[in-house]
Amino acid sequence: MSHVVQPLDQPSNYKDSQARMDRNRQQDALSKSTTLYIGNLSFYTTEEQIYEIFSKCASTEEGGGIKRIIMGLDRNTRTPCGFCFVEYYTHAEALACMRYISGTKLDERIVRCDLDLGYKEGRQFGRGKTGGQVRDEHRQDYDPGRGGWGAQVQRQEIDRRKEAEERYADAQDGPGAVAGGGEDWKDNSVPEPEKTLKRERSVDDDDDGEREAQRARTDGDDRI
């Protein structure tokens, strides 16, 4: 029955295209490797979290343990982009991680562990055109743990918005465009003081009124 169940500590069929060695030499190197490639990480997973979970497979009493952790970074922004390398002191520790940690959840994501040929300077950077990982270049789904939409979808959305803005600008300047209002209307919006048709009373009007009242008292005018 051993041939029915696939061993959990076997490396995948992934071949590093930048490694200058044939398949047989790669297989031989992987059989002794102490380095793991960890994929499908959240952009927000920290080095401390990785150390905590992967140290559970370390055999410090046998001279093992985690040698170092190299976080994968976006080539342009130098921010985490969803992968890392974990180096152990022994090959057995790396195999134990593939058995017990690969396929488990970290930050609500199922992480993948794979034996690696060994870390070299420069491999910490994403190989995608936009600086991140290649897998995020072509991703069509929305993944909040890995920057939202894939890089191609984001570029398409930027191009669509740019095209819409250019169309709107052409419509503003073209024939039949609706004239835009200026800012002068704000100054004209204040209503002018209401004009009255009544003439203001003068000193002469007061004198005439007093004489009229005196005449009425003399004549017995009923209006008083």
Side-chain angles (χ1 to χ4, degrees), residues 1-19 26-27 29-31 33-60 64-75 77-120 123-154:
M1 294 295 292
S2 60
H3 64 282
V4 177
V5 180
Q6 183 178 2
L8 299 178
D9 55 3
Q10 293 299 308
S12 69
N13 292 324
Y14 171 77
K15 181 180 183 299
D16 188 355
S17 59
Q18 296 186 3
Q26 284 200 27
Q27 292 295 336
L30 290 175
S31 66
S33 175
T34 61
T35 304
L36 287 174
Y37 171 88
I38 315 301
N40 199 39
L41 294 175
S42 167
F43 287 4
Y44 306 102
T45 298
T46 64
E47 185 174 336
E48 289 76 14
Q49 289 175 281
I50 294 171
Y51 183 87
E52 181 180 359
I53 188 171
F54 282 91
S55 61
K56 296 182 184 300
C57 291
S59 303
T60 54
I66 294 178
K67 186 176 181 180
R68 61 174 174 170
I69 296 173
I70 302 99
M71 298 296 293
L73 302 176
D74 186 288
R75 188 173 62 253
T77 62
R78 297 299 196 267
T79 55
C81 64
F83 73 99
C84 74
F85 297 95
V86 177
E87 286 188 359
Y88 286 96
Y89 284 99
T90 66
H91 178 66
E93 292 171 309
L95 293 181
C97 279
M98 293 183 64
R99 293 191 191 102
Y100 304 120
I101 297 181
S102 185
T104 61
K105 279 190 175 183
L106 175 60
D107 271 345
E108 298 302 317
R109 303 184 65 84
I110 297 177
V111 298
R112 299 190 305 269
C113 304
D114 197 10
L115 286 176
D116 190 79
L117 295 174
Y119 171 77
K120 292 182 180 179
R123 291 192 64 199
Q124 74 270 37
F125 300 122
R127 297 177 180 177
K129 293 181 180 179
T130 58
Q133 286 194 276
V134 176
R135 60 167 294 200
D136 289 317
E137 295 281 333
H138 307 284
R139 185 166 46 78
Q140 298 292 319
D141 62 324
Y142 183 83
D143 190 339
R146 295 183 69 89
W149 296 104
Q152 287 188 358
V153 176
Q154 292 185 27

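Excluded from the calculations below are hydrogen atoms, water molecules and symmetry mates; all remaining heavy atoms, backbone and side chain alike, are included. No experiment lies behind these values; they were computed from the predicted model shown.
A search for salt bridge (Lys or Arg N to Asp or Glu O under 4.0 Å) contacts involving Arg78 returns nothing, not counting sequence neighbours. Looking at residues two or more places apart in sequence or on another chain, you find a side chain to side chain contact (heavy atoms under 4.5 Å, CB included) between Lys120 and Arg123. With sequence neighbours excluded, the residues satisfying side-chain hydrogen bond (donor to acceptor under 3.5 Å, both in side chains) with Glu137 are Thr130. Arg75 meets the side-chain hydrogen bond (donor to acceptor under 3.5 Å, both in side chains) test with no other residue; sequence neighbours excluded. Residues satisfying the side chain to side chain contact (heavy atoms under 4.5 Å, CB included) test with Phe83, not counting sequence neighbours, are Tyr37, Cys81, Phe85, Gln133. Residues passing the side chain to side chain contact (heavy atoms under 4.5 Å, CB included) test with Gln140 are Gln152, Val153, sequence neighbours excluded. The side chain to side chain contact (heavy atoms under 4.5 Å, CB included) check on Gln10 picks up Pro7, with sequence neighbours excluded. Taking the ring-ring contact (aromatic ring centres under 6.0 Å, His included) definition, one finds that Tyr142 meets it with Trp149, sequence neighbours left out. Not counting sequence neighbours, Ser59 has no partner by the side-chain hydrogen bond (donor to acceptor under 3.5 Å, both in side chains) test. Taking Asp143 as the reference, Arg109 meet the side-chain hydrogen bond (donor to acceptor under 3.5 Å, both in side chains) condition, with sequence neighbours excluded. Residues meeting the ring-ring contact (aromatic ring centres under 6.0 Å, His included) test with Tyr100, sequence neighbours left out: none.
Rounded to the nearest 0.5 Å, atoms CD1 (Ile66) and CD (Glu93) are 8.5 Å apart. Of the inter-residue distances, the one linking Leu106 atom CG with Gln49 atom CD reads 5.5 Å to the nearest 0.5 angstrom. To the nearest 0.5 Å, atom CZ of residue Arg139 and atom CZ of residue Arg146 are 6.5 Å apart. Taking OG1 of Thr45 as the reference point, atom CD1 of Ile53 lies at 10.0 Å (rounded to 0.5 Å). A distance of 9.0 Å separates OG in Ser102 from CG in Leu36, rounded to the nearest 0.5 Å.
Summarising the geometry of Ser33 relative to Ala94, their closest heavy-atom pair is O-CB, 4.1 Å, with the distance given to 0.1 Å. Nearest heavy-atom pair across Val86 and Cys84 is CG2-SG, 4.1 Å. Taking both residues in full, the closest heavy atoms of Gly65 and Ala58 are given as CA-CB, 3.6 Å, listed atom of the first, atom of the second, then distance.
Here the rule is side chain to side chain contact (heavy atoms under 4.5 Å, CB included) with Pro11, and of Leu117, Asp114, Leu95, Asp116 only Asp114 fits it.
At least one side-chain heavy atom of Gln124 sits under 4.5 Å from a side-chain heavy atom of Tyr119.
Sequence neighbours left out, not one pair with a member in residues 35-60 passes salt bridge (Lys or Arg N to Asp or Glu O under 4.0 Å).
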